[in-house]
There are 2 protein chains.
Amino acid sequence: MTTMKDVASHAGVSTATVSRVLNGHAAPTQETRARVLAAIEELGYRPNALARSLRTTATKTFGLVISDLVNPFFAEIARAVEQEARAHGYCVVLANADESAEQQTTYVRTLLDRRVDGLLVCPATDDAAWMDEVVATGLPLVLLDRSVPGADCPVVRVDGAEALADLAATLVGAGHERVGVIAGPSDTSTGRERLAQFGSALAELGHPVHPDHVVHGDFRWESGKQAAAKLMGLPDRPTALVAMDNLMGLGALEQVRELGLSVPGDVGIAVYDDQPWFPLLDPPLTVIAQPTVEMGRAAARCLIALIADEQPPDVDLTARLVKRGSCGETGRG
Amino acid sequence: MTTMKDVASHAGVSTATVSRVLNGHAAPTQETRARVLAAIEELGYRPNALARSLRTTATKTFGLVISDLVNPFFAEIARAVEQEARAHGYCVVLANADESAEQQTTYVRTLLDRRVDGLLVCPATDDAAWMDEVVATGLPLVLLDRSVPGADCPVVRVDGAEALADLAATLVGAGHERVGVIAGPSDTSTGRERLAQFGSALAELGHPVHPDHVVHGDFRWESGKQAAAKLMGLPDRPTALVAMDNLMGLGALEQVRELGLSVPGDVGIAVYDDQPWFPLLDPPLTVIAQPTVEMGRAAARCLIALIADEQPPDVDLTARLVKRGSCGETGRG
DNA sequence: CTGGGTCATGTAATCGATTCCAGTGCACGA
DNA sequence: TCGTGCACTGGAATCGATTACATGACCCAG
């Protein structure tokens with residue numbers, strides 16, 4: 001590879017001058033500037049980002065740690081983060097934790113070692129030992145989607161309380177007596193919050209969720225399927241299922257179909273998270289839609305602000321209910 | 001941040017020794033090794049990957065350039081690449097080209113500057129100016145999913161000829177007289193090949209595709225929707241639509257539904273690419289399934305082999321037809 | 001004509017690691 | 001006892017950039 005030294009000698013100047021030209025300093029003459037640029041062009045020189053970063057202690061890179069890339073919810077976020085980062089001249093190193101806390105810790109360490117300029121993390125669980133290490137280095141950090149107890153950094157999250165209340169009302173209005181909930185892991189903030197908010201909304205309407213009608217999954221397809229199997233196998237089975245994540249929802253739908261039940265005829269289904277193709281499902285799913293693109297964007301902007309030594313506030317977006325009839329709400333309510 | 005020098009003085013040794021301990025060299029005594037490790041532990045030292053990479057000219061990083069992260073097909077590939085890379089101690093820098101050739105070139109340059117150890121690219125188009133730059137640096141390169149003319153590097157691709165022939169036979173068997181094709185861009189290898197292979201398979205069966213019944217999209221939802229609108233608006237409209245990519249297929253399905261047509265009653269639909277939730281669509285889609293995970297894995301392994309100075313062969317996987325009835329094949333054929 | 005200031009440029013230190021080469025200490029064989 | 005070899009360790013160069021400081025040319029005012 002050609003280095004700055006090559007360019008310098010080729011242009012008959014010192015490396016300092018080449019560097020100044022490269023970084024747009026005022027100093028160099030139009031004439032030397034031209035000579036240097038010509039040399040760069042001629043040699044096909046490209047600066048070594050590693051060397052530059054080592055010297056400047058800036059990598060123009062974000063680390064993005066997400067818990068599951070095949071979950072379209074996270075894929076959309078990742079895409080949005082990447083777009084916003086790119087617009088500001090940053091690259092994104094992607095780390096897929098596969099919903100594992102250890103994997104996540106390992107990755108955070110790797111990203112620290114690589115001296116990323118900032119870290120965006122969707123925490124896999126509440127266990128935030130990794131956070132201490134990050135805080136110790138003073139690296140800008142933003143939490144995304146899920147928060148963790150005692151976190152001392154900006155958090156970008158989505159408030160689903162209202163949407164869940166709307167959903168509860170819709171379900172009750174559609175005549176559902178017993179609502180089964182396929183909740184997320186109770187060691188994630190979203191797992192806990194969604195369940196709590198939805199539960200209290202239903203309780204307020206006089207239809208509290210029966211403890212047996214709550215099953216915890218792990219935000220993945222298979223767990224949703226199993227949860228649905230369990231719930232629908234109960235003697236007093238639910239008349240509607242609410243899955244607190246899109247993959248679990250799809251798993252539940254698959255299970256219900258395999259049981260030969262019709263939706264919403266035999267059982268209603270609603271799902272947290274929306275996808276462009278949800279209207280094409282059989283039946284089109286009633287969902288709680290989160291502004292994923294806005295989440296990713298906001299998180300990236302937040303991180304950029306942190307890097308600029310500003311003190312960005314938390315970002316709270318809101319989810320909203322989208323009715324498509326899979327709870328029988330058009331037919332009945 | 002604590003550096004190696006800190007560790008060295010804290011342990012009363014030189015940086016050379018610390019480095020040797022860190023890299024598992026044979027030299028240091030058990031005793032000094034212990035002292036160094038203790039110092040590392042005590043100071044919470046973590047090596048600076050930038051400095052190391054600068055010296056060793058290895059970053060343990062792959063660059064992965066894909067054309068669209070929200071396309072679940074690519075998301076799956078990205079995930080598989082990431083897993084395989086991680087298993088071999090590599091990180092993945094993700095670059096999303098958004099199906100734009102320029103964007104792709106920009107990203108390739110950035111990745112070169114960052115001295116990634118290897119590059120995995122799903123080329124956005126046949127225009128491979130960027131490839132010359134990569135070849136010039138001698139950086140290991142593997143093409144994924146799509147190839148480009150005159151590419152002198154390993155390619156991991158999927159052969160869909162047989163599956164497309166099966167699909168053609170299935171359509172003809174189901175009584176479809178006129179098949180509309182929503183093809184990919186003709187400046188991508190997959191766009192061209194799939195169309196050609198499918199076209200000749202139908203021709204061999206005595207049902208050549210009418211030129212008016214071929215519309216090119218850009219592998220995205222909206223283009224599939226528009227293509228379907230165009231095709232279904234023809235006086236002699238197709239009795240079946242085949243979309244050569246999952247997003248275009250979903251767009252087509254959406255359009256057909258908006259037109260109030262039933263599938264497969266009024267028009268059959270088949271799609272290239274499968275997804276876990278395709279069986280849950282209305283109707284479940286007949287597809288040509290590609291082994292995405294295997295693609296990603298194979299590509300990563302291929303790259304690792306290249307880095308190890310081996311000469312891995314091209315990888316050719318095969319797609320297969322999965323019938324789910326959306327072409328009327330259960331009812332009619 | 002000269003001293004001080006401005007401006008472009010070069011010299012060299014530096015970032016934090018790795019690694020070649022040389023030096024030290026010790027054991028062992030003659 | 002002394003030379004030889006081996007094992008361990010340290011000094012210092014190096015990777016490729018950035019940047020503080022020094023230098024020299026040049027200009028202008030006094």
Side-chain angles (χ1 to χ4, degrees), chain A residues 1-37 39-40 43-61 109-117 137-139, chain B residues 1-37 39-40 43-61 109-117 137-139:
Chain A
M1 290 260 36
T2 80
T3 75
M4 216 164 85
K5 213 145 82 178
D6 302 328
V7 175
S9 66
H10 196 265
V13 298
S14 73
T15 60
T17 301
V18 176
S19 174
R20 281 189 271 255
V21 171
L22 243 46
N23 294 291
H25 285 223
T29 316
Q30 276 305 325
E31 196 259 325
T32 51
R33 187 182 299 273
R35 230 176 39 238
V36 169
L37 290 175
I40 288 177
L43 299 175
Y45 166 74
R46 304 240 74 211
N48 183 326
L50 292 175
R52 183 194 303 242
S53 294
L54 176 60
R55 190 62 238 257
T56 61
T57 66
T59 50
K60 283 292 188 178
T61 305
R109 290 216 186 99
T110 309
L111 293 169
L112 287 178
D113 292 352
R114 282 158 189 263
R115 300 297 191 268
V116 293
D117 292 343
T137 68
L139 190 74
Chain B
M1 288 261 37
T2 80
T3 75
M4 216 164 82
K5 213 145 81 177
D6 302 328
V7 175
S9 66
H10 196 268
V13 297
S14 72
T15 60
T17 300
V18 176
S19 175
R20 281 189 272 255
V21 169
L22 243 45
N23 294 289
H25 285 225
T29 314
Q30 276 306 326
E31 197 258 327
T32 51
R33 186 181 301 272
R35 237 185 22 248
V36 169
L37 290 175
I40 288 177
L43 299 175
Y45 166 74
R46 303 241 75 210
N48 183 326
L50 292 175
R52 181 194 302 237
S53 293
L54 175 60
R55 189 63 240 260
T56 61
T57 66
T59 50
K60 281 294 186 175
T61 305
R109 289 215 186 100
T110 309
L111 293 169
L112 287 178
D113 291 353
R114 281 157 190 263
R115 301 298 192 269
V116 293
D117 291 342
T137 68
L139 190 73

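We name chains A, B, ... by the order of the sequence lines, and we start the count at 1 in each one. Please read these numbers as outputs of a predicted model, since none were measured by experiment.
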Counting only distance, no hydrogens or angles, is the base of D:dG10 paired donor-acceptor with the side chain of B:Arg20 under 3.5 Å?
yes
If you look at every strand shown and take non-hydrogen atoms under 4.0 Å, does B:Ser19 touch a base, only sugar-phosphate, or nothing?
base
Between A:Asp117 and A:Thr59, do the side chains contain an N or O donor and an N or O acceptor separated by less than 3.5 Å?
yes
Measure from the side chain of B:Thr32, starting at C-beta and using heavy atoms only, and say which of C:dT11, D:dT9, C:dG16 lies closest.
D:dT9
Roughly how many Å is it from CG in A:Leu50 to P in C:dA17, rounded to a whole number?
14 Å
Consider the side chain of B:Pro47, meaning its heavy atoms from C-beta on, and name the nucleotide among C:dT9, D:dG11, C:dA17 that approaches it most closely.
C:dA17
Quick note, A:Ser14 side chain, CB onward, closest among D:dC15, D:dG10, C:dT11 is C:dT11
Please determine if a side-chain N or O atom of B:Thr29 lies less than 4.0 Å away from the OP1 or OP2 oxygen of D:dT9.
yes
Consider salt bridge (charged side-chain N to carboxylate O under 4.0 Å, His left out). Of A:Lys60, A:Arg46, A:Arg52, which one does B:Asp113 pass it with?
A:Arg46
Record whether the side chain of B:Arg55 comes under 3.5 Å of the base of D:dT14 through a donor-acceptor pair of N or O atoms.
yes
Considering all heavy atoms, the nearest B:Leu43-B:Thr2 contact
O-CG2, 3.7 Å
Between CG of B:Asn48 and P of C:dT14 the distance, given in whole Å, is 18 Å
Nearest heavy atoms of A:Val18 and A:Ala8, plus distance in Å
CG2-CA, 3.7 Å
Could you tell me which non-hydrogen atom of A:Thr3 sits nearest to which non-hydrogen atom of A:Tyr45, and how far apart they are?
C-CE1, 3.5 Å
Upstream residue (5' side of DNA chain C) when A:Arg33 and B:Met1 are each assigned their closest nucleotide
A:Arg33
Taking any heavy-atom pair under 4.0 Å as a contact, classify A:Thr57: base, sugar-phosphate, or nothing.
nothing
From CZ of A:Arg114 across to P of C:dG16 the rounded distance in Å is 18 Å
In whole Å, I'd like the distance from the CG atom of B:Leu43 to the C1' atom of C:dG16.
15 Å
Write down the distance between CD (B:Glu31) and C1' (D:dT9), rounded to a whole number of angstrom.
13 Å
Within this structure, what is the NE2-to-C1' distance between B:His25 and C:dC20, rounded to whole angstrom?
12 Å
Taking only the side-chain nitrogens and oxygens of B:Thr15, find out if one of them lies under 4.0 Å from OP1 or OP2 of C:dT18.
no
Side chains of A:Arg114 and B:Ser53: is there a donor and an acceptor less than 3.5 Å apart?
no
Rounded off to whole Å, could you give me the CE-to-P distance for the A:Met4 and D:dC15 pair?
14 Å
Is any side-chain nitrogen or oxygen of B:Thr3 closer than 4.0 Å to OP1 or OP2 of C:dG16?
no
Applying a 4.0 Å non-hydrogen cut-off, can you work out what A:Val18 is touching in the nucleic acid: base, sugar-phosphate, or nothing?
nothing
Is any side-chain N or O of A:Asn23 closer than 4.0 Å to OP1 or OP2 of D:dT18?
yes
Quickly work out the A:Leu22 CG to D:dT19 P distance and round it to whole Å.
12 Å
Given DNA chain D, 5'-ward residue of the pair B:Ala51 and B:Val13, judged by closest heavy atom
B:Val13
Between B:Thr17 and A:Tyr45, whichever has its closest DNA chain D nucleotide further toward 5' is B:Thr17
